[in-house]
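Contents: one structure, followed by commentary.
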Amino acid sequence: MSKSFSRRGKPAEIREYHTASSGIFFLARRLVHSEQTPFQRIEVYESDSFGRVLLLDGLVQTTERDEFFYHEMLVHPAMMAHPNPREILIIGGGDGGALREVFRYPVRKATLVEIDAAVVAAARDFLPSLAASFRDPRVEIQIADGSRFIQESCRRYDIILVDSSDPVGPSAVLHQRGFYARLKERLKSGGIIASQAGSPLFHQRHLMKKSAFLKKLFKHAAYYFGPTPTYPGGQWCYSFLSDSVNPLERIGKKAPPGLKYYNRDIHTAAFAMPGFLREGID
Ligand code: SAM
């Protein structure tokens, strides 16, 4: 939830509460874009410290300054662990950040399934550093519910990335057991799924519940972690799921150039389970 207090002539204060008594705030020079779609409220602010900030229903999705932490950690562990990822599926990800990271590899095609066309349009118009990848001829953008798309499509993929918002509203279905069971059927042999899983500090119960069914569905079901300064708790959890690829097996290729956070040392360290989560998850 966000409240914007605009003091005349001064920057507005944009707040996102992470709990009833704590959260994050930005001083924003101006509101660049705002619209109510059938799915959510989209806002883009120009902030002093984080550049452009995209909020959906008042929750920070991405900021120009720190988005690389999240998009690199969502995408590269799976793309690096797979020997030759060619067909990619991204569910959600309408801001274009995950797609930009996928196109650092010689993939044949990336299909992006985003439920809200207005998010893609807002990214194109107001977040050029993320949305440039929408012009890549290898992308196919489908405006659809990712859960429905999976049910109706029979295509298979080397890598599936679930870049959904938090488990509320249209995104709730993308965090459930049935969705992951159907996702598994959409993997090619040797395929890998990576998804954003939530805040290790604030969403532990959700992570434990999810881990219980993911471990039953996949031979390799591992959480991994990375910093996300503007997300609740400042660190984020991701899941790596595969029936044939162990994420900690030796990686036989170099990371693509130009990355700002991910590298092979980070890859190994990211899969170390913090002590406070070990009991409930391991
Ligand atoms: N990095 C962000 C995070 O971790 O919360 C997610 C960013 S991305 C903008 C999330 C996208 O998922 C949004 O554009 C939203 O419209 C989309 N989305 C939500 N539910 C969806 C669904 N059922 N199918 C496809 N896209 C969905």
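Numbering of ligands and ligand atoms starts at 1, following listing order. All residue numbers in this chain count up from 1 along the given sequence.
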Does Leu56 reach ligand 1 with a nitrogen or oxygen that is under 3.5 Å from one of the ligand's nitrogen or oxygen atoms?
no
For atom 19 (C) of ligand 1, what's the nearest protein heavy-atom neighbour? Residue, atom name and distance, please.
Ser165 OG, 3.5 Å
Do Phe271 and Phe225 have ring centres separated by under 6.0 Å?
no
Just need the protein heavy atom nearest to atom 2 (C) of ligand 1, so name the residue and atom and give the distance.
Tyr231 OH, 3.3 Å
Nearest non-hydrogen protein atom, atom 9 (C) of ligand 1
Asp95 OD2, 3.7 Å
Can you tell me how the ring of His203 sits relative to the ring of His206, calling it parallel under 30°, perpendicular over 60° and tilted otherwise?
perpendicular
Taking only heavy atoms of Gln196, which atoms of ligand 1 are found under 4.0 Å from at least one of them?
3 (C), 4 (O), 5 (O)
Considering heavy atoms of the protein only, find what lies nearest to atom 10 (C) of ligand 1 and give residue, atom and distance to 0.1 Å.
Asp163 O, 3.3 Å
Contact summary for Pro227 and Phe69, nearest pair of heavy atoms
O-CB, 3.0 Å
Does Arg148 have a heavy atom less than 4.0 Å from any atom of ligand 1?
no
Would you say Glu140 and Leu112 make side-chain contact, with heavy atoms under 4.5 Å?
no
For ligand 1, indicate whether the residue Gln61 contacts it via side chain, backbone, both or neither (heavy-atom separation under 4.0 Å).
both
Proximity of Thr62 to ligand 1 by residue part, where a heavy atom lies under 4.0 Å:
neither
Of Glu67, Glu46, Glu64, His33, which meets side-chain hydrogen bond (donor to acceptor under 3.5 Å, both in side chains) against Arg52?
Glu46
Under 4.0 Å from any heavy atom of Val119, which atoms of ligand 1 are there?
14 (O)
Tell me the contacting part of Asp145 for ligand 1: side chain, backbone, both, or neither, using a 4.0 Å heavy-atom threshold, strictly below.
both
Out of all atoms in ligand 1, which are within 4.0 Å of some heavy atom of Gln40? Include the element for each.
15 (C), 16 (O)
Distance from atom 4 (O) of ligand 1 to nearest protein heavy atom, with residue and atom:
Tyr70 OH, 3.3 Å
Residues Tyr17 and Arg15: side-chain donor-acceptor under 3.5 angstrom:
yes
Given salt bridge (Lys or Arg N to Asp or Glu O under 4.0 Å), test Arg182 with Glu185 step by step and report yes or no.
CA-CA 5 Å; Arg182 287 189 296 276; Glu185 292 157 15; over 6 Å; no
Any N or O of Ile115 closer than 3.5 Å to N or O of ligand 1:
yes
Taking the ring of Phe26 and the ring of Phe50, is the distance between their centroids below 6.0 Å?
yes
Quiz: residues 253-260 side-chain donor-acceptor pairs under 3.5 angstrom, not counting sequence neighbours:
residue: Lys253; atom: NZ; partner: Met79; partner atom: O; Å: 2.8
residue: Lys253; atom: NZ; partner: His82; partner atom: O; Å: 2.6

For atom 15 (C) of ligand 1, the protein heavy atom that lies nearest, with its residue and separation:
Glu114 OE2, 3.4 Å
Parallel, tilted or perpendicular: which fits the ring planes of Trp236 and Tyr231, with parallel below 30° and perpendicular above 60°?
perpendicular
Between Leu174 and ligand 1, which residue portion shows a heavy-atom distance shorter than 4.0 Å: side chain, backbone, both, or neither?
side chain
Phe39, portion touching ligand 1 at heavy-atom distance under 4.0 Å
neither
Can you list the steps and then say if Asp243 with Lys184 is a salt bridge (Lys or Arg N to Asp or Glu O under 4.0 Å)?
CA-CA 9 Å; Asp243 274 346; Lys184 180 172 170 162; 2.8 Å; yes
Is the ring centre of Phe68 less than 6.0 Å from the ring centre of Tyr261?
no
On a heavy-atom basis, I'd like to know which of Ser171, Ser147, Gly146 is closest to atom 24 (N) of ligand 1.
Gly146
Can Ala144 be said to touch ligand 1, with heavy atoms closer than 4.0 Å?
yes
If you count the atoms of ligand 1 from 1 in the order shown, which ones are under 4.0 Å from a heavy atom of Val113?
25 (C), 26 (N)
Polar contact flag for His71 and ligand 1 (N/O pairs, less than 3.5 Å):
no
Centroid separation His220 to Phe240 less than 6.0 Å
no
